[in-house]
There are 2 protein chains.
Amino acid sequence: MSLNILLAEDDLELRLTLEEALTLEGMQVCACDSAESALDAAEQEGFDVAILDLVMPGLSGVEAIANLRRLQPGMGVIITTAFATVDTAVDAMKKGADEFLAKPFNLTALATTVRRVNAERQPQPKLADETADKVFSALSNPIRRQALLQLVRHRQLRFMDLCRLVGVEDHTKFNFHMRQLKQSGLIQQNVNKVYFLTTEGQQMCHFLLQEEVD
Amino acid sequence: MSLNILLAEDDLELRLTLEEALTLEGMQVCACDSAESALDAAEQEGFDVAILDLVMPGLSGVEAIANLRRLQPGMGVIITTAFATVDTAVDAMKKGADEFLAKPFNLTALATTVRRVNAERQPQPKLADETADKVFSALSNPIRRQALLQLVRHRQLRFMDLCRLVGVEDHTKFNFHMRQLKQSGLIQQNVNKVYFLTTEGQQMCHFLLQEEVD
DNA sequence: TATTTTTGATAAGGCAACTTCACAGCCTGG
DNA sequence: CCAGGCTGTGAAGTTGCCTTATCAAAAATA
């Protein structure tokens with residue numbers, strides 16, 4: 001996959017060098033000479049990662065971060081500088097930078113950093129793998145799905161009432177499925193043994209149903 | 001579950017009779033003597049079904065439907081009338097009524113109709129049962145989930161590239177899982193055998209990931 | 001107090017999912 | 001043209017899910 005990189009660097013020679021190096025690494029690069037130009041470009045096109053010089057005429061790289069994040073929240077940001085101090089590094093990270101690189105830096109290392117920053121900004125799975133196994137395994141059975149949908153309608157139900165609504169004749173069979181649903185974390189029982197949907201169960205059911213929008 | 005009923009009937013005696021009969025059927029009834037009162041009530045409280053007389057002083061029952069649906073899109077609507085004609089029935093159904101009842105009607109039958117109308121307006125599962133079986137069964141396996149997430153990131157991938165990204169050593173094992181995913185309808189191959197997510201696959205992955213909100 | 005209903009557990013067998021192994025055709029690159 | 005890589009299928013064995021049968025304790029009702 002070809003990463004789309006937004007580069008803001010006012011030094012012409014360095015800008016050309018960076019652009020060429022990243023292109024050789026298989027990335028698409030949009031090179032700008034100012035933060036303002038970079039913001040204009042970000043309004044036109046989606047980017048995976050932005051590489052911003054800290055000090056530039058006009059807006060600094062750090063000042064541009066908030067605007068970039070407003071335009072494209074998923075974009076990674078790397079701040080580069082020739083005069084790194086602890087204060088400038090901390091300030092950049094506080095302002096939302098994902099990485100802070102002091103010049104000069106190794107070009108291959110830069111490409112590696114870009115890929116890492118991009119990977120870290122990728123959306124993460126909502127569910128841990130073990131939980132996902134249980135949740136989707138629970139949902140792969142029609143009896144269990146039907147039980148969940150009845151709990152959407154009735155909010156709280158006792159075991160045998162739910163068993164009859166779902167239409168299962170053998171309550172020990174139904175009990176097996178209810179235990180699967182409990183282990184998956186989608187439902188719970190209160191102290192009176194009444195079943196109800198957990199928060200996660202409600203979210204899952206919300207997704208399962210095509211509900212009318214207001 | 002106790003249904004919440006909004007009743008609009010200008011005839012006092014009939015209104016009291018209906019209210020009592022529905023209450024005896026275990027329903028919560030908010031009785032109004034006009035459509036305007038009913039709309040006021042609907043602004044204050046959620047209802048499952050509205051029973052509206054066709055002809056009333058002020059707004060008619062049919063005229064109230066659009067306003068009620070704007071306030072509460074999921075509400076069922078039953079129009080009642082003493083002077084039913086084909087024209088008035090068609091007009092009411094066109095304007096969004098779920099049922100049209102000519103007076104006099106059997107009170108027990110009314111309660112049954114109310115329950116049926118409510119059930120029909122319940123949100124329906126997005127997926128047919130057979131499809132849901134396949135989709136959730138496909139998602140219950142970690143290898144298959146990982147394959148989908150890689151397709152989110154890379155958009156299109158060839159078989160062996162995807163196999164290596166997911167980290168499966170035996171390509172015939174991986175092939176089995178890819179066939180499961182194809183049968184579930186979450187992925188497809190183009191003419192060059194490159195895998196990509198279907199529309200349904202994209203929706204499912206969108207749900208699986210906790211993506212940043214704008 | 002006795003009976004019925006509700007809720008729950010375990011074991012065993014059948015069936016399906018998954019893994020492993022063997023094999024093969026097609027495509028690409030040298 | 002040949003070798004290597006890619007893509008794919010089927011059979012057999014292993015593992016796990018689901019159903020059925022049996023049993024039982026607790027709670028509710030008459």
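Proteins come first, then strands; the chains are lettered A, B, ... in the order of their sequence lines, and each starts at number 1. What's counted below: heavy atoms across the whole structure, side chains too, no hydrogens, waters or symmetry copies.
Taking atom CG of residue B/N175 and atom C1' of nucleotide C/dA24, one finds them 13 Å apart after rounding to whole Å. The distance from atom CZ of A/F174 to atom C1' of D/dA21 is 19 Å, rounded to the nearest whole Å. Rounded to a whole Å, the CZ atom of A/F159 is 18 Å from the P atom of D/dA25. Remark: P of C/dA17 and CG of B/L181 are 14 Å apart, rounded to the nearest angstrom. Rounded to a whole Å, the CZ atom of B/F176 is 17 Å from the P atom of D/dT14. Per the geometry, CG belonging to A/D161 stands 14 Å off P belonging to D/dA28, to the nearest Å. Rounded to whole angstrom, the span from the CD1 atom of B/I143 across to the C1' atom of C/dT20 amounts to 13 Å. Put simply, NE2 on B/H177 is 12 Å from C1' on C/dT20, counting in whole angstrom units.
Between the side chain of B/D98 and the backbone N or O of B/V77 there is at least one donor-acceptor pair closer than 3.5 Å.
For a distance-only test at 3.5 Å, the side chain of A/S137 fails to qualify as a donor-acceptor partner of the base of D/dC17.
A salt bridge does not link B/R15 with B/E20: none of the charged nitrogens is closer than 4.0 Å to a carboxylate oxygen.
Around atom CD of B/E43, more than 12 heavy atoms belonging to other residues, nucleotides or ligands sit under 6.0 Å away.
A cation-pi arrangement, defined by a distance under 6.0 Å to the six-membered ring centre and an angle within 45 degrees of its axis, is absent between A/K193 and A/F159.
Nearest to the side chain of A/T172, among C/dG8, C/dT19, C/dT7, sits C/dG8. Taking only side-chain atoms of B/R158, from C-beta outward, the nucleotide of C/dT7, D/dT7, C/dC18 with the closest atom is D/dT7.
Among the heavy atoms of the strands lying under 4.0 Å from A/K173 is at least one base atom, whether or not backbone atoms are also near. Residue-level contact check: B/Y195 touches the backbone only, with heavy atoms under 4.0 Å from sugar-phosphate atoms and none from bases. Residue contacts shown for B/Q189 are limited to sugar-phosphate atoms, with no base heavy atom under 4.0 Å away.
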- Stepwise side-chain hydrogen bond (donor to acceptor under 3.5 Å, both in side chains) check, A/N141 with A/R145: CA-CA 6 Å; A/N141 180 277; A/R145 287 198 303 271; over 6 Å; no
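The 5' end of DNA chain D is approached more closely, in terms of each residue's nearest nucleotide, by B/R179 than by the other of B/R179 and A/H171. Between B/K193 and A/K193, it is B/K193 whose nearest contact on DNA chain D lies nearer the 5' terminus.
Taking 4.0 angstrom as the limit, A/N141 places a side-chain polar atom (N or O) nearer than this to OP1 or OP2 of D/dC18. Dashed line: the shortest gap from a side-chain N or O of A/R164 to OP1 or OP2 of C/dT6 is under 4.0 Å.
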